[in-house]
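Below: the structure, in structure tokens.
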Amino acid sequence: MQFARINDVTIHYQLISGPADKPVIVFANSLGTDFRIWRDVIVRLAGDYAIILYDKRGHGLSDVGQVPYSIEDHASDLAGLLDLLAVKKAFVCGLSVGGLIAQALYQRRPDLVQGLLLCDTAHKIGTAESWNTRIAAIEKSGIGSIVDAIMERWFTPAFRRPENTAYAGYCNMLVRQPVEGYVATCAAIRDADYTVAAGKIAVPTICIVGDQDGSTPPDLMKSTAQLIPNARFEVIRDAGHIPCVEQPEALTEVIRAFIDFALHGEKHP
């Protein structure tokens, strides 16, 4: 395990080296998860690219840090990690809140971003009312009280079968996140709006979404792609909000094709 002290917060990360002539891919995961959600994508990419994974503050093995905090605070943590690792340009793949962090990173430190892969996210996610309702429920009854509702958004019915032991594992992942960090990140998402900033993105960008995403549905993801100049749009079939878990092979193919296009102008399928 690897840890770094960034902005007075201990950040858990993993650096997987790759060929010196290939780009770095950074993965930023979703609300209520840690970086293990990317495993089945990483095993398909390792050796071909350098890869950086990390647990944002308030999640996984990273510190919660001082609350409240904003998406910009999350982006500052990621910028600090990339600076520490001497990464100058990277393809940043952000899922859900990770996609907001990726947008904020580009806004604050465009020098660090070679391209954006915005996965199951948006320029603005949810409403103040929806986030306040979730925060109130957690503060009253804990994360466990919202598990069923969240899992319906995360995964397709086929994945949520009782006999699927992986499904039980992801439920465990959610409820074991630090409550304070989860709530603080809910508030950060609530207060984030990158609608105007999306129109100023000038690096290659693709917006990717599961066809059954219950958190950031395809129509919302498509509207985000339409805000970003020349952004591409891709739908992953038979996937909910976390395609890297349900359809890692399909997502990996999209990632590879997009990076090839961004670097060499090769035709995207």
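Index from 1, following the sequence.
- With Gln14 contributing its side chain and Met1 its backbone, the two residues share no donor-acceptor pair below 3.5 Å.
- Using a 4.5 Å heavy-atom cutoff, the side chains of Ile25 and Ile259 are in contact.
- Separating the CD1 atom in Ile71 from the CD1 atom in Ile125 is a distance of 8.0 Å, to the nearest 0.5 Å.
- Judged by distance alone, the side chain of Asp55 and the main-chain N or O of His12 form no donor-acceptor pair under 3.5 Å.
- Considering Ile206, Val209, Thr224 in turn, Val209 is the only one that fulfils the side chain to side chain contact (heavy atoms under 4.5 Å, CB included) rule with Phe233.
- Applying side chain to side chain contact (heavy atoms under 4.5 Å, CB included) to Gln103 and the options Thr205, Ile228, Thr121 leaves one that passes, Thr121.
- Closest heavy-atom contact between Ser62 and Lys56: CB-O, 3.7 Å.
- The side-chain heavy atoms of Arg109 and Leu82, taken from C-beta on, include no pair separated by under 4.5 Å.
- Distance alone, capped at 3.5 Å, places no donor-acceptor pair between the Trp131 side chain and the Ala188 backbone.
- Residue Tyr170 holds its OH atom at 8.5 Å from CZ of Arg36, rounded to the nearest 0.5 Å.
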### Task
Start with the C-alpha distance between Ile146 and Tyr182, add both sets of side-chain angles, then the distance that settles side-chain contact (heavy atoms from CB on, under 4.5 Å), and finish with yes or no.
CA-CA 12 Å; Ile146 65 167; Tyr182 186 95; 3.7 Å; yes

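- Remark: Arg44 CZ is packed, more than 12 non-hydrogen atoms of other residues, nucleotides or ligands lying under 6.0 Å away.
- Among all heavy-atom pairs drawn from Asp238 and Glu246, the shortest one is O-OE1, 4.1 Å.
- What you find for Ile135 and Ala187 is that their closest heavy atoms are CD1-N, 4.0 Å.
- Under a hydrophobic-cluster definition in which Ile, Leu, Val, Met, Phe, Trp and Tyr are linked whenever side-chain heavy atoms come within less than 4.5 Å, directly or via other members, Leu85 and Tyr106 are assigned to the same cluster.
- Atom CG of Asn172 is surrounded by more than 12 heavy atoms from other residues, nucleotides or ligands within 6.0 Å.
- Summarising the geometry of Asn7 relative to Ser76, their closest heavy-atom pair is ND2-OG, 3.1 Å, with the distance given to 0.1 Å.
- The aromatic rings of Phe91 and Phe258 sit perpendicular to each other, their planes meeting at more than 60°, with 30° as the lower class boundary.
- Here the CG-CG distance, from Leu31 to Leu174, works out to 8.0 Å after rounding to the nearest 0.5 Å.
- One distance of note links CG of Leu95 with CD1 of Ile208; it measures 10.0 Å at 0.5 Å rounding.
- Under the 4.5 Å side-chain criterion, counting only non-hydrogen atoms from C-beta, Leu78 is not in contact with Leu112.
- In this structure, Arg57 forms a cation-pi arrangement with Tyr69, its terminal cationic atom sitting closer than 6.0 Å to the ring centre and no more than 45° off the ring axis.
- Crowding of Lys89 atom NZ: a count of heavy atoms from other residues, nucleotides or ligands under 6.0 Å exceeding 12.
- The closest donor-acceptor contact from the side chain of Thr133 to the backbone of Glu129 lies under 3.5 Å.
- Here Glu139 contributes atom CD and Asn132 contributes atom CG; the two are 9.5 Å apart, rounded to the nearest 0.5 Å.
- Counting heavy atoms of neighbouring residues, nucleotides and ligands inside a 6.0 Å radius, atom CZ of Arg237 does not exceed 12 of them.
- The two residues His241 and Asp120 make their nearest non-hydrogen contact at CE1-O, 3.1 Å.
- Annotation: side chain of Tyr49 is in contact with side chain of Arg256 (closest heavy-atom distance under 4.5 Å).
- Neither Ile52 nor Val43 shares a network with the other; the hydrophobic side chains, linked directly or stepwise wherever heavy atoms of I, L, V, M, F, W or Y lie under 4.5 Å apart, form separate groups for each.
- No donor-acceptor pair closer than 3.5 Å links the side chain of Asp260 to the backbone N or O of Gly265.
- Leu53 and Phe3 fall into different hydrophobic clusters, where Ile, Leu, Val, Met, Phe, Trp and Tyr residues are linked whenever their side-chain heavy atoms come under 4.5 Å apart, directly or through other members.
- Side-chain contact between Lys222 and Val235: absent, with no pair of heavy atoms (C-beta onward) separated by less than 4.5 Å.
- Here the straight-line distance linking atom SG of Cys186 with atom CG of Asp191 works out to 11.0 Å at 0.5 Å rounding.
- Using a 4.5 Å heavy-atom cutoff, the side chains of Ile150 and Arg134 are in contact.
- Follow the hydrophobic side-chain contacts under 4.5 Å out from Leu84 and you reach Val92 in the same cluster.
- At a threshold of 4.5 Å between non-hydrogen side-chain atoms, the residues Leu45 and Trp38 do not count as touching.
- Under a cut-off of 6.0 angstrom, the local environment of CZ in Arg176 is sparse, with at most 12 non-hydrogen atoms contributed by other residues, nucleotides or ligands.
- The side-chain heavy atoms of Val245 and Asp40, taken from C-beta on, include no pair separated by under 4.5 Å.
- Hydrophobic clustering, with ILVMFWY side chains joined whenever heavy atoms are under 4.5 angstrom apart, keeps Leu220 apart from Leu100.
- Between Asp63 and Arg5, at least one side-chain N (NZ, or NE/NH1/NH2) sits under 4.0 Å from a carboxylate O, which counts as a salt bridge.
- Distance alone, capped at 3.5 Å, is enough to place a donor-acceptor pair between the Gln2 side chain and the Leu15 backbone.
- For Gln66, the CD atom is loosely surrounded, since the number of other residues' heavy atoms within 6.0 Å does not exceed 12.
- At least one donor-acceptor pair under 3.5 Å links the side chain of Arg160 to the backbone N or O of Phe155.
- Between Asp34 and His59, the side chains place no donor N or O within less than 3.5 Å of an acceptor N or O (distance only, hydrogens not considered).
- Smallest separation of non-hydrogen atoms from Ala46 and Ile16: CB-CG2, 4.5 Å.
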